[in-house]
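Below: one structure, written as structure tokens.
We count ligands from 1, going down the list as the structure has it; atoms in each ligand are counted the same way.
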Amino acid sequence: MTDPTPPAATAEPANATAAGLRLEDVTRSLNAWVEVDLDALAGNVRALRETVGPGVELIAVVKANAYGAGVEGVAPALEAAGVERFAVVWAAEALNLRRLGITRPIIVLGHAFPTDAEAAVANGITLTVHSPKLAMAVSKAARKAGTRARVHIQVDSGLHRDGVTPDQAVALAHLISGLPGVELEGLSTHMANADEEDDSFADEQGRVFRAALEQLDWVPYRHAANSATAIRRGELRFGGVRIGLAMHGVLPPNTADPGLAPVLSVKARLARVVDVAPGEGVSYGLTWRAERPSRAGLVPIGYADGWSRHLSNRGEVLVGGRRCPMIGRVCMDQFLVDVTELPGAAEGDEAVLLGAQGSERITADDVAARSGTISWDVLASLQARLPRIFHRGGIVQ
Ligand SMILES: *Cc1c(COP(=O)(O)O)cnc(C)c1O
């Protein structure tokens with residue numbers, strides 16, 4: 001008789017039991033993975049702190065799974081590196097940070113519902129309050145829990161995405177000051193074109209924000225800057241800067257490098273290498289055809305992993321230290337790469353989609369340019385199936 005119960009599938013991430021092992025040993029049998037260099041991350045925190053100077057807090061923006069890098073490894077490493085606060089967009093993301101053991105203040109930048117108030121207050125999470133209804137829900141939750149809750153108000157200074165008008169902010173602030181259990185700790189705003197060559201609209205937004213601050217000078221904490229603003233505009237740093245992209249060593253356009261190092265790599269192993277005769281095609285639609293006797297390597301990662309289908313016949317991958325063109329369409333789980341110039345290419349060879357191999361490097365900006373998007377999108381699109389391997393100096397953490 002055979003046991004009808006199959007062995008339990010393990011839901012553990014690939015690196016859950018791999019701490020202390022070498023990167024190459026842990027990744028030897030992986031199809032594809034994301035490597036996160038925690039030394040580079042800590043170095044970026046130091047460089048950014050140097051740039052913004054004393055008296056300005058670093059607020060690490062770790063929304064969207066820490067920009068695809070894996071919040072479970074990135075957030076604790078940032079806390080250890082000394083960032084003063086965290087920010088996310090969803091209330092659920094903030095609760096997840098507490099589950100991960102983050103103890104520093106966490107700001108929810110995005111829309112919260114009154115139904116989010118109780119869990120947020122119980123977990124010491126700072127909501128951005130946008131309505132009297134939400135403010136009252138926070139007050140009620142704070143009284144129920146016998147605690148004081150801190151909240152922030154975001155002033156819409158011209159982005160017209162979220163936040164409230166300056167007048168509404170003043171009215172809401174006065175309402176909050178009369179509510180028991182709630183303390184209005186912070187005022188924020190968000191910039192519309194901080195990374196454009198002409199970022200002069202930030203001057204206008206700064207004026208609008210400052211006018212609101214003058215009316216609410218009793219509110220102690222102010223924050224307005226994303227990565228580009230924090231690096232480019234000293235006068236808009238206020239009490240803290242909200243840094244997302246730059247933590248990962250990727251710079252917004254038109255932004256000088258304060259000495260950052262890339263944190264994240266995307267790698268895969270060739271699943272096989274096949275011959276393609278002249279005239280034959282590869283992948284769905286046969287959109288690429290060999291013009292010479294060719295060899296195609298199968299890369300086991302696809303658009304389901306966040307490797308954009310827009311990279312079909314446009315992207316490049318490093319194999320054997322060379323840039324090799326992606327050929328044919330990107331499928332859900334795999335795509336092909338032309339390795340004709342690498343006669344030794346074989347199953348198991350490392351393919352670098354993002355990051356360095358030998359003296360070559362593919363940056364998030366390279367990938368973004370080839371897929372018609374921005375570096376933020378390239379990182380944040382990386383999906384859960386890819387194991388995140390956090391390491392320091394090549395040793396898995
Ligand atoms: C995402 C986000 C940031 C971080 O932006 P980066 O350009 O990645 O540094 C800052 N503030 C708000 C409100 C955001 O939504």
Side-chain angles (χ1 to χ4, degrees), residues 41 44-45 47-49 51-52 56-69 71 74-75 78 83-94 97 105-112 125-130 151-164 169 186-196 199 201-202 205-206 208-209 221-233 236-258 260 262-264 363-365 368 373-382:
L41 187 70
N44 293 343
V45 171
L48 288 161
R49 186 170 300 292
T51 300
V52 301
V56 179
E57 290 188 354
L58 293 179
I59 307 170
V61 181
V62 292
K63 61 190 178 187
N65 199 21
Y67 288 48
V71 72
V74 168
L78 287 169
V83 303
E84 283 83 3
R85 294 180 195 239
F86 288 87
V88 288
V89 172
W90 287 13
E93 294 181 298
L97 284 177
I106 303 169
I107 307 164
V108 173
L109 301 169
H111 186 94
I125 288 160
T126 307
L127 295 180
T128 300
V129 167
H130 48 77
V151 298
H152 292 193
I153 294 175
Q154 189 193 135
V155 179
D156 177 5
S157 58
L159 178 61
H160 297 330
R161 187 182 72 177
D162 37 19
V164 297
L187 295 167
S188 70
T189 193
H190 193 40
M191 295 295 144
N193 36 14
D195 58 27
E196 284 178 11
D199 68 346
F201 188 61
Q205 288 191 273
V208 172
F209 187 47
Y221 193 65
R222 293 99 188 263
H223 51 108
N226 53 11
S227 294
T229 312
I231 295 169
R232 292 175 72 177
R233 289 187 165 257
L236 293 175
R237 289 179 190 141
F238 297 100
V241 291
R242 303 187 303 264
I243 311 264
L245 191 70
M247 287 286 180
H248 300 273
V250 182
L251 284 163
N254 301 305
T255 303
D257 184 3
L260 305 179
V263 167
L264 187 142
T363 66
D365 286 314
T373 187
I374 54 174
S375 54
W376 290 262
D377 186 11
V378 171
L379 299 186
S381 292
L382 297 169

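- Residues Y67 and V61 meet the side-chain proximity criterion, which asks for heavy atoms closer than 4.5 Å.
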**Request:** Show your working on side chain to side chain contact (heavy atoms under 4.5 Å, CB included) between L41 and L78 and close with a plain yes or no.
**Result:** CA-CA 8 Å; L41 187 70; L78 287 169; 3.8 Å; yes
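- Side-chain atoms of E93 come within 3.5 Å of backbone atoms of W90 as a donor-acceptor pair (strictly under, hydrogens ignored).
- Classification of R233 and D199 as a salt-bridged pair holds, one side-chain N sitting under 4.0 Å from a carboxylate O.
- The aromatic rings of H111 and H130 lie parallel to each other, their planes meeting at an angle below 30°, with 60° marking the opposite boundary.
- Legend: residues meeting salt bridge (charged side-chain N to carboxylate O under 4.0 Å, His left out) with E57, ordered by chain and number and at least two apart, are R85.
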Using a 3.5 Å cut-off on N/O to N/O, what pairs does ligand 1 make with the protein? A line per pair would be great.
{"residue": "ligand 1", "atom": "7 (O)", "partner": "W376", "partner atom": "NE1", "Å": "3.1"}
{"residue": "ligand 1", "atom": "8 (O)", "partner": "Y67", "partner atom": "OH", "Å": "2.5"}
{"residue": "ligand 1", "atom": "8 (O)", "partner": "L245", "partner atom": "N", "Å": "2.8"}
{"residue": "ligand 1", "atom": "8 (O)", "partner": "W376", "partner atom": "NE1", "Å": "3.0"}
{"residue": "ligand 1", "atom": "9 (O)", "partner": "S227", "partner atom": "N", "Å": "2.9"}
{"residue": "ligand 1", "atom": "9 (O)", "partner": "S227", "partner atom": "OG", "Å": "2.5"}
{"residue": "ligand 1", "atom": "9 (O)", "partner": "G244", "partner atom": "N", "Å": "2.9"}
{"residue": "ligand 1", "atom": "11 (N)", "partner": "R242", "partner atom": "NE", "Å": "2.8"}
{"residue": "ligand 1", "atom": "11 (N)", "partner": "R242", "partner atom": "NH2", "Å": "3.4"}
{"residue": "ligand 1", "atom": "15 (O)", "partner": "K63", "partner atom": "NZ", "Å": "2.7"}

